[in-house]
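Below you'll find the structure, written out as structure tokens, and then a few comments.
On a predicted model such as this, the values are computed, not experimentally measured, just so you know.
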Amino acid sequence: MKKNAVVLLSGGLDSTTCLAIAKSQDYTCHCLSFRYGQRHCRELNAAQKVAETFSAEKHLVLDLGLDRIGGSALTTDAPVPKARSDEEIGHGVPVTYVPARNTIFLSYALAWAEVLNAADIFIGVNALDYSGYPDCRPEYIAAFEKTANLATAQSTEKGVRLTIHTPLIDMTKAQIIETGMKLGVDYGLTHSCYDPAPDGKACGRCDSCILRRRGFAEAGYDDPLDYAL
């Protein structure tokens with residue numbers, strides 16, 4: 001009998017690869033995405049296509065008003081940094097960090113997992129090409145997992161231990177792409193850009209686009225996305 005898993009799915013390269021890995025491990029995947037006040041809907045459109053392609057058991061999109069809190073270039077009109085150097089990308093927390101986003105997302109995933117009697121959550125965080133986001137680090141995931149196992153009826157009364165799977169945590173972007181290609185991921189369905197052009201093309205200059213394009217080049221594959229620049 002297949003086990004249920006909740007897979008956090010943004011529609012980006014990493015979360016799509018994470019879903020492919022969960023499917024390859026024979027989980028019944030329940031995909032969870034968020035309309036959280038982000039500056040565009042391209043990633044949610046991508047998430048829907050990805051979930052359909054991988055025959056997810058269900059794809060749930062929840063509405064959150066993180067734009068009302070602000071604090072990020074992804075939820076406000078603040079400019080998204082472009083054409084940053086490797087040194088700049090690797091230093092400090094960028095303005096595209098959304099305060100407490102992964103904590104909020106994982107909390108919702110935890111709630112749904114408990115309803116589904118699922119002991120597994122998959123999230124595509126990465127500690128190498130992670131643009132400085134503190135909630136993508138292994139120590140954070142370990143701390144949340146410990147908290148989750150103290151916080152649910154499933155764990156305290158039924159003895160079911162929740163595991164947060166982070167299969168991409170130690171991979172380079174190139175390794176992630178290579179893994180996805182082996183699993184048959186169509187990266188043309190994904191969207192990674194923080195600030196796409198009005199016609200929907202990826203900007204090609206934000207941190208996410210830079211890391212993605214470099215990953216494809218290092219992996220030896222052509223990136224199927226159209227870029228404005």
Side-chain angles (χ1 to χ4, degrees), residues 5-19 21-22 31-40 43-44 47 60-76 78 80-81 84 88-114 118 120-152 162-173 175-176 190-195 206-212 215:
V6 175
V7 182
L8 288 167
L9 181 66
S10 70
L13 184 153
D14 292 346
S15 69
T16 298
T17 307
C18 194
L19 172 59
I21 291 170
C31 296
L32 182 58
S33 303
F34 298 92
R35 189 179 294 105
Y36 62 89
Q38 59 266 59
R39 61 196 300 150
H40 63 83
E43 60 184 3
L44 283 177
L60 183 61
V61 181
L62 298 181
D63 291 295
L64 304 175
L66 298 187
D67 56 320
R68 297 180 65 184
I69 295 174
S72 170
L74 299 189
T75 57
T76 66
V80 172
R84 297 207 302 163
E88 289 172 319
I89 291 175
H91 180 72
V93 179
V95 296
T96 50
Y97 163 71
V98 179
R101 182 174 61 179
N102 279 347
T103 302
I104 294 166
F105 288 1
L106 281 168
S107 295
Y108 276 89
L110 174 62
W112 198 19
E114 189 164 20
D120 301 275
I121 294 172
F122 282 78
I123 181 172
V125 293
N126 179 264
L128 296 181
D129 295 331
Y130 76 119
S131 298
Y133 296 159
D135 54 1
C136 289
R137 297 174 299 163
E139 53 265 44
Y140 162 73
I141 297 297
F144 188 94
E145 182 180 281
K146 180 178 180 180
T147 299
N149 280 297
L150 293 171
T152 65
L162 179 90
T163 299
I164 300 177
H165 301 264
T166 56
L168 314 182
I169 196 80
D170 293 321
M171 292 187 186
T172 65
K173 194 67 73 177
Q175 290 170 332
I176 293 169
T190 66
H191 177 86
S192 303
C193 182
Y194 291 150
D195 190 27
C206 68
D207 291 0
S208 185
C209 282
I210 290 171
L211 292 172
R212 176 184 173 121

To the nearest 0.5 Å, how far apart are [atom1] in [X] and [atom2] in [Y]?
| X | Y | atom1 | atom2 | result |
| --- | --- | --- | --- | --- |
| Leu74 | Ser208 | CG | OG | 9.5 Å |
| Ile104 | Leu66 | CD1 | CG | 4.5 Å |
| Ile123 | Ile169 | CD1 | CD1 | 8.5 Å |
| Thr152 | Leu110 | OG1 | CG | 6.0 Å |
| Cys206 | Asp195 | SG | CG | 7.0 Å |

Distance-only, no hydrogens or angles: does the [X] side chain make a donor-acceptor pair with backbone N or O of [Y] under 3.5 Å?
| X | Y | result |
| --- | --- | --- |
| Ser10 | Ser15 | no |
| Gln175 | Thr172 | yes |
| Thr166 | Leu168 | no |
| His40 | Cys193 | yes |
| Arg101 | Val98 | no |
| Asp135 | Asn102 | yes |
| Thr163 | Asp120 | no |

To check you understand the geometry: which heavy-atom pair defines the closest contact between [X] and [Y], and what is its length?
| X | Y | answer |
| --- | --- | --- |
| Thr17 | Leu13 | OG1-O, 2.8 Å |
| Ile210 | Arg84 | CD1-O, 3.8 Å |
| Ala109 | Leu8 | CB-CD2, 4.1 Å |
| Arg212 | Ser192 | NH1-OG, 2.8 Å |

Side chain to side chain donor-acceptor pair (under 3.5 Å) partners for Gln38, two or more places apart: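 Gln38 satisfies side chain to side chain donor-acceptor pair (under 3.5 Å) with Glu43 once adjacent residues are dropped.
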Please step through side chain to side chain contact (heavy atoms under 4.5 Å, CB included) for the pair Ile141 and Leu106, ending with a clear verdict. CA-CA 10 Å; Ile141 297 297; Leu106 281 168; 4.2 Å; yes
Is there side-chain contact between [X] and [Y], with heavy atoms separated by less than 4.5 Å?
| X | Y | answer |
| --- | --- | --- |
| Leu60 | Trp112 | yes |
| Val125 | Tyr140 | no |
| Met171 | Asn126 | yes |
| Tyr36 | Asp67 | no |
| Val80 | Arg39 | yes |
| Phe34 | Leu32 | yes |
| Pro81 | Thr96 | yes |
| Ile69 | Pro99 | no |

Do Leu62 and Tyr108 pass the side chain to side chain contact (heavy atoms under 4.5 Å, CB included) test, and can you show the C-alpha distance, the side-chain angles, and the key distance before you say yes or no? CA-CA 9 Å; Leu62 298 181; Tyr108 276 89; 3.4 Å; yes
Less than 4.0 Å between a side-chain N and a carboxylate O, is that true for Asp14 and Lys173?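 A salt bridge is present here (some side-chain N lies under 4.0 Å from a carboxylate O).
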Going through the checks in order, is the side chain to side chain contact (heavy atoms under 4.5 Å, CB included) test met by Arg35 and Leu44? CA-CA 7 Å; Arg35 189 179 294 105; Leu44 283 177; 3.8 Å; yes
